[in-house]
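Indexing begins at 1, ligand by ligand and atom by atom, following the structure's order. Sequence positions, counted from 1, serve as the residue numbers for this chain.
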Amino acid sequence: MKGPVIVGAGPAGCAAAIVLARENVQPLLIDRDAEAGDPLCGGFHSWRTIRTLEGLGIDIAALQAAPVRRVVLFARDERAELTLPSPAFGLSRHRLDSALRRRAEESGVRIAIDTIRSVEPGAALGRNRRYEADGLFLATGKHDVRGETRPRVAADPALGLRLRVPADAFLRQLIGEGIELHLFDGGYAGIVLQDGGFANICLALKKSLFEQANKDPLELLAMLSGRHPRFAERLRDGWREQRIDSIGAVPYGWIAGDTEDGLYRLGDQAAVIPSLAGEGISIALASGTMAARHWLANGPAGSRGYQAAFAARARRPVGFARAARALAEHPSRAIAGIRAGRAFPPAFRLLMHLTRID
Ligand SMILES: Cc1cc2nc3c(=O)[nH]c(=O)nc-3n(C[C@H](O)[C@H](O)[C@H](O)COP(=O)(O)OP(=O)(O)OC[C@H]3O[C@@H](n4cnc5c(N)ncnc54)[C@H](O)[C@@H]3O)c2cc1C
């Protein structure tokens with residue numbers, strides 16, 4: 001008997017699978033990797049993410065996540081420190097995604113390992129075989145499958161870089177229970193402590209900045225640390241020995257307003273919130289949960305209704321996150337924003353609230 005097929009076992013795909021399985025539907029969850037990977041991510045998990053995870057049966061604190069209670073902003077010589085509206089956490093994606101997969105399996109979800117090359121109404125075409133589906137959930141995140149490519153419209157698109165440095169006593173003291181956002185001309189670096197004794201350093205930067213550094217991540221990081229002493233201080237001495245992950249052309253701000261019959265688009269395939277807001281995983285979980293509920297109510301025929309409803313829900317947080325990004329990437333605006341945040345913290349907290357998904 002055919003059931004729904006979910007392509008991608010990241011946060012969005014696992015959330016959909018868990019909600020379906022709870023209602024005694026047996027989805028097939030397909031991922032190209034046998035084990036949860038460690039996708040490039042800032043690893044900041046907002047209070048909304050935590051609440052949705054709890055609803056799915058995952059206690060993030062039990063995964064040895066590092067508590068995060070404040071955000072610290074840096075731009076040139078300016079610094080502002082603000083308490084988060086509710087506590088958040090720093091946790092590696094490997095640990096979070098592994099827990100989500102485990103939870104899906106415990107709920108009775110079958111997981112198949114295959115790389116899906118394309119999808120068509122009622123089927124996913126994998127490297128190993130063809131999967132007939134009573135409704136398809138596309139949750140491949142940052143990676144598009146053939147024929148379903150998201151538009152890349154930005155003239156100077158964003159790219160992501162991530163490295164981890166061992167959190168020695170100095171760094172632990174410096175960062176503590178904070179998420180640091182270092183705002184540069186053309187991007188930012190987010191720094192947070194995570195499980196395993198590391199500080200996760202994740203940057204989202206305009207491609208033009210990368211080109212200034214001859215498209216060499218080492219040269220880029222050296223350039224940024226030369227320009228920004230406080231960022232350099234956090235990289236510590238051994239950063240050149242660390243592995244650097246990268247991802248290109250992130251379509252920040254894109255929202256899928258429509259879809260095809262029988263195809264539910266989830267997570268980054270539904271809406272890409274600028275990462276500065278730290279709400280991408282929350283959006284992924286919310287879309288997975290909502291899509292599953294639409295499928296339970298309407299089957300494959302519910303896809304268009306779901307997509308329109310989710311787009312409407314994502315518009316406010318994505319819109320405010322785009323505005324925040326436009327402020328943050330421009331030095332004089334970032335400095336003015338930091339001064340305003342320091343002088344009037346409630347306005348900053350309101351912005352944090354407006355960039356969360358309901
Ligand atoms: C620089 C940067 C920093 C970020 N920092 C944060 C942050 O701090 N906090 C936050 O909340 N969000 C952050 N985000 C956003 C967050 O990473 C994403 O929104 C989130 O991962 C989306 O989840 P997803 O389930 O849609 O996709 P993903 O997490 O990308 O998962 C997709 C899954 O699909 C699988 N897959 C892909 N292609 C195929 C295929 N063809 N066949 C089979 N399987 C496939 C992959 O193996 C993977 O398991 C950041 C994003 C960027 C770019």
**Asked** Considering only the protein, which heavy-atom contact is closest to atom 20 (C) of ligand 1, and what is its distance?
**Response** Arg93 NH1, 3.9 Å
**Prompt:** Of the backbone atoms (N, CA, C, O) and the side-chain heavy atoms from C-beta on, which set of Ala284 has a member under 4.0 Å from an atom of ligand 1: side chain, backbone, both, or neither?
**Reply:** side chain
**Message:** Is it the case that over 12 heavy atoms from other parts of the model lie below 6.0 angstrom from the OH atom of Tyr131?
**Reply:** yes
**Request:** May I ask you to check if ligand 1 and Asp31 share an N or O to N or O distance below 3.5 Å?
**Result:** yes
**Geometric N/O contact Asp97 with ligand 1, under 3.5 angstrom** = no
**Request:** Find all atoms of ligand 1 within a distance of less than 4.0 Å from any non-hydrogen atom belonging to Gly278, and give their numbers and elements.
**Result:** 9 (N), 10 (C), 11 (O)
**Request:** Could you say whether the N/O atoms of Gly267 and ligand 1 ever approach to under 3.5 Å?
**Result:** no
**Message:** Can you name the atoms of ligand 1, numbered from 1 with element, that are less than 4.0 Å from a heavy atom of Val145?
**Reply:** 41 (N)
**Message:** Under 4.0 Å from a heavy atom of Gly43: which atoms of ligand 1 are those, numbered in the order shown and with their elements?
**Reply:** 7 (C), 8 (O)
**Asked** Is the shortest distance from a Lys or Arg side-chain nitrogen in Arg103 or Glu106 to a carboxylate oxygen in the other one below 4.0 Å?
**Response** yes
**Message:** Counting only nitrogen or oxygen atoms and a 3.5 angstrom limit, does Ser275 reach ligand 1?
**Reply:** no
**Request:** Among all protein heavy atoms, pick out the one at the shortest distance from atom 19 (O) of ligand 1; state its residue, atom name and that distance to 0.1 Å.
**Result:** Asp268 OD1, 2.7 Å
**Message:** Looking only at distances, can you tell me whether any N or O atom of Ile247, backbone or side chain, sits closer than 3.5 Å to an N or O atom of ligand 1?
**Reply:** no
**Asked** Are Arg265 and Leu138 close enough that some pair of their side-chain heavy atoms sits under 4.5 Å apart?
**Response** yes
**Asked** Around atom CG of Asp33, are there more than 12 heavy atoms of other residues, nucleotides or ligands at under 6.0 Å?
**Response** yes
**Item:** Ion pair Arg93/Asp38, N-O distance below 4.0 Å
**Value:** no
**Request:** Check each atom of ligand 1 against the heavy atoms of Asp114 and keep those under 4.0 Å away; list them by number with element.
**Result:** 42 (N), 43 (C)
**Complete:** So CD of Glu35 and OG of Ser98: to nearest 0.5 Å the spacing works out to 7.0 Å
**Fill in**
atom 41 (N) of ligand 1 sits nearest the protein heavy atom Ile116 O, 2.9 Å
**Fill in**
heavy-atom search around atom 17 (O) of ligand 1 in the protein gives Lys142 NZ, 3.1 Å
**Item:** Ion pair Asp358/Arg316, N-O distance below 4.0 Å
**Value:** yes
**Message:** Test your reading of the structure: does Cys41 have an N or O sitting under 3.5 Å from an N or O of ligand 1?
**Reply:** no
**Message:** Whether the Glu279 and Thr355 side chains hold a donor-acceptor pair (N or O, under 3.5 Å, no angle test) is what I'd like checked.
**Reply:** no
**Prompt:** Can you tell which of Leu266, Leu40, Ile30, Val7 gets a heavy atom nearest to atom 1 (C) of ligand 1?
**Reply:** Leu40
**Message:** With no hydrogens and no angle check, just 3.5 Å: does a side-chain donor-acceptor pair link Glu211 and Ser208?
**Reply:** no
**Request:** Give yes or no for whether the N/O distance cutoff of 3.5 Å, strictly under, is met between Ala12 and ligand 1.
**Result:** yes
**Request:** With rounding to the nearest 0.5 Å, note down the distance linking CD in Glu329 to CG in Asp156.
**Result:** 8.5 Å
**Prompt:** Does an N or O from Val250, backbone or side chain, lie closer than 3.5 Å to an N or O of ligand 1?
**Reply:** no
**Prompt:** So with a 6.0 Å cut-off around CZ of Arg76, is the heavy-atom count from everything else above 12?
**Reply:** no
**Prompt:** What residue and heavy atom of the protein are closest to atom 5 (N) of ligand 1, and at what distance?
**Reply:** Gly42 N, 2.8 Å
**Item:** Lys/Arg-Asp/Glu bridge criterion (N-O < 4.0 Å) met for Asp31, Arg101
**Value:** yes
**Asked** Are Arg95 and Gln194 close enough that a side-chain donor and a side-chain acceptor fall under 3.5 Å?
**Response** no
**Asked** Cut-off 3.5 Å, side chains only: do Glu219 and Asn214 have a donor facing an acceptor?
**Response** yes
**Message:** Can you name the atoms of ligand 1, numbered from 1 with element, that are less than 4.0 Å from a heavy atom of Cys202?
**Reply:** 1 (C), 3 (C)
**Asked** At under 4.0 Å between heavy atoms, which part of Ala139 makes contact with ligand 1: side chain, backbone, both or neither?
**Response** backbone
**ligand 1 N/O within reach of Phe44 N/O, cut-off under 3.5 Å** = yes
**Asp33: numbered ligand 1 atoms lying under 4.0 Å from its heavy atoms** = 47 (O)
**Request:** Just need the protein heavy atom nearest to atom 37 (C) of ligand 1, so name the residue and atom and give the distance.
**Result:** Thr140 O, 3.5 Å
**Prompt:** Can you list the steps and then say if His182 with Phe74 is a ring pair (Phe, Tyr, Trp, His ring centres under 6.0 Å)?
**Reply:** CA-CA 5 Å; His182 295 254; Phe74 297 93; 4.4 Å; yes
**Asked** What is the nearest protein non-hydrogen atom to atom 11 (O) of ligand 1, stated with its residue, atom name and distance?
**Response** Ile281 N, 2.9 Å
**Prompt:** Among all protein non-hydrogen atoms, which one is nearest to atom 28 (P) of ligand 1, and what is the separation to 0.1 Å?
**Reply:** Gly141 CA, 3.9 Å
**Nitrogen or oxygen of Thr49 less than 3.5 angstrom from that of ligand 1** = no
**Message:** Using a strict threshold of under 4.0 Å (side-chain N to carboxylate O), is an ion pair present between Arg130 and Glu132?
**Reply:** yes
